[in-house]
Amino acid sequence: MSNEQVNRWEPHPARSDSYDQAILAADRRAWHPLNAELFDLSPFDMDQTPMLPPHMVVALETNCVSEYLSTPQLRTRFTNETVRIYLSDILLGERAAMLHALRLCGATQDLGAQENAANQAREEARHAAAFTLYIARRWGEPVSPTPIFSDFLDDIATSGSLAKEIAGMQVLVEGLAMGIFAALEGELCDQLGKQLIRLVMADEASHLKTGVTWMEGALHTLPAAQCVELEAWTAHQFVRLSRGLFAPTQRPEHYACFGIDPRQVVRELRRRGNGRLQPSAAATIFRTAAKAVQRAGLISSRTERAYAGFL
């Protein structure tokens, strides 16, 4: 081996203990969706049984939708297609999180941080496999991602900033994921889906916790002006998602399948909500995300208005 090759790998980097507890916990949580013994694989009647109650699908409570969905079967179909949209977006988020964790491995020389990121990449890959298999079992295939969410992930990937990528993926996406999982786990009627979400939630809670550690390290190295920019960028993304992620106009093809104009749904929801399109379930989800941003140290007096109503 030449001297050049030896020097490329020296000196050996240090290994901090900041991630040790997360690393040990990852070993204790290990599971995989291919292990069928973990799950209740009983069939679920997709045609007759709605996966969520009506209050979790806010459009069902509008007059313009109820006029078209005049039978229980139509309402069930609408509800279960809505769940497929939610889970398809979650699947995209898991895939993006896996690639992000792999990039984190190469973004640090800390061996402990690298091991933690490698564990996270493995867990995100496991989640992607799990939701792929679950969607295939219940619907056959996922649907295309919600445009505002795929655009958000593109913004993260092309930001050219590790700090923004950590804020976007480790904080915002993980915070949103925890909020959505908590809502679904409490209300989902399908036992297989509930079991899967409980396992994924345990992993994601750890990712969100270590995400705060990643964010603290990134903020420590940034000049003050870049910290201000990062806070503003995170606030902008939060407002954008909180206003649009669950908007009916994001999924016109879904409503068109039932002969419904999503713009009419939006108008009725805004009349009911005094101009705000924010169903209670969505508000709870974004409250979880806002708390994650707060714990990560990304909210200041300059940006706190963006999170008004969620903290």
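Only this structure's heavy atoms are used, side chains among them; waters, hydrogens and symmetry mates stay out. Positions are given from 1 along the sequence.
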- Using a strict 4.0 Å threshold on nitrogen-to-oxygen distance, state whether Glu94 and Arg126 make a salt bridge.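 Arg126 and Glu94: not salt-bridged.
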- Indicate yes or no: does Arg29 engage Asp203 in a salt bridge with an N to O separation below 4.0 Å.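 So Arg29 pairs with Asp203 through a salt bridge.
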- Residue pair Glu123 / His207, side-chain donor-acceptor N/O under 3.5 Å: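 Short answer, yes.
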- Query: Is the closest side-chain donor-acceptor distance between Gln237 and Arg240 under 3.5 Å?
  - Reply: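 Yes, a side-chain donor-acceptor pair sits under 3.5 Å.
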- Task: Decide yes or no on salt bridge (charged side-chain N to carboxylate O under 4.0 Å, His left out) for Asp20 and Arg15, but give the supporting numbers first.
- Result: CA-CA 10 Å; Asp20 284 359; Arg15 185 191 187 284; 2.8 Å; yes
When you compare the side chain of [Y] with that of [X], does any pair of heavy atoms fall below 4.5 Å?
X      : Y      : result
Val293 : Phe310 : no
Val65  : Arg75  : no
Leu184 : Leu87  : yes
Ile135 : Glu141 : no
Glu231 : Ile299 : no

Using the ring centroid of each side chain, check whether [X] and [Y] are separated by less than 6.0 Å.
X      : Y      : result
Trp214 : Tyr19  : yes
Phe78  : Tyr255 : yes
Phe258 : Tyr68  : no

- For residues 150-169, pull every pair meeting ring-ring contact (aromatic ring centres under 6.0 Å, His included), keeping only residues two or more places apart or in separate chains.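 Passing the test, one end in residues 150-169: no pairs.
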- Message: Side-chain heavy atoms under 4.5 Å apart, restricted to Ile/Leu/Val/Met/Phe/Trp/Tyr: what other residues fall into the cluster of Leu34, or is it alone?
- Response: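 Its cluster partners, ordered by chain and number, are Leu133.
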Reported [atom1]-to-[atom2] distance for the pair [X] and [Y], which is rounded to 0.5 angstrom:
X      : Y      : atom1 : atom2 : value
Glu124 : Met98  : CD    : CE    : 9.0 Å
Gln114 : Gln109 : CD    : CD    : 6.0 Å
Leu104 : Met169 : CG    : CE    : 9.5 Å
Leu311 : Arg287 : CG    : CZ    : 9.0 Å
Gln195 : Asp40  : CD    : CG    : 5.5 Å
Asp151 : Ile156 : CG    : CD1   : 11.5 Å

Shortest non-hydrogen contact between [X] and [Y], atoms and distance:
X      : Y      : answer
Trp31  : Ala130 : CH2-CB, 4.1 Å
Trp139 : Asn80  : NE1-O, 3.2 Å
Leu219 : Gly297 : CD1-O, 4.0 Å
Asn116 : Ala22  : OD1-CB, 3.7 Å

- Message: Using modelled atom types and a 3.5 Å cut-off, is there a donor and acceptor pairing between side-chain atoms of Ser161 and backbone atoms of Lys164?
- Response: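 Yes.
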- Message: Can a donor-acceptor pair be found, under 3.5 Å and without considering hydrogens, that links the side chain of Ser66 to the backbone of Asn63?
- Response: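 Yes; at least one donor-acceptor contact below 3.5 Å.
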- Message: For Phe44 and Arg137: C-alpha separation, side-chain torsions, deciding distance, then whether side-chain contact (heavy atoms from CB on, under 4.5 Å) applies.
- Response: CA-CA 10 Å; Phe44 184 86; Arg137 190 176 188 88; over 6 Å; no
- Task: Not counting sequence neighbours, which residues clear salt bridge (charged side-chain N to carboxylate O under 4.0 Å, His left out) with Asp110? List them please.
- Result: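 With neighbours one apart ignored, the set is empty.
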- Lys194 atom NZ, over 12 foreign heavy atoms within 6.0 Å: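 Yes, because the 6.0 Å sphere around NZ of Lys194 holds more than 12 heavy atoms from other groups.
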- Task: Report the relative orientation of the aromatic rings in Phe181 and Phe131; use parallel for angles under 30°, tilted for 30 to 60°, perpendicular for over 60°.
- Result: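 Taking Phe131 first and then Phe181, their aromatic rings lie parallel (interplane angle under 30°).
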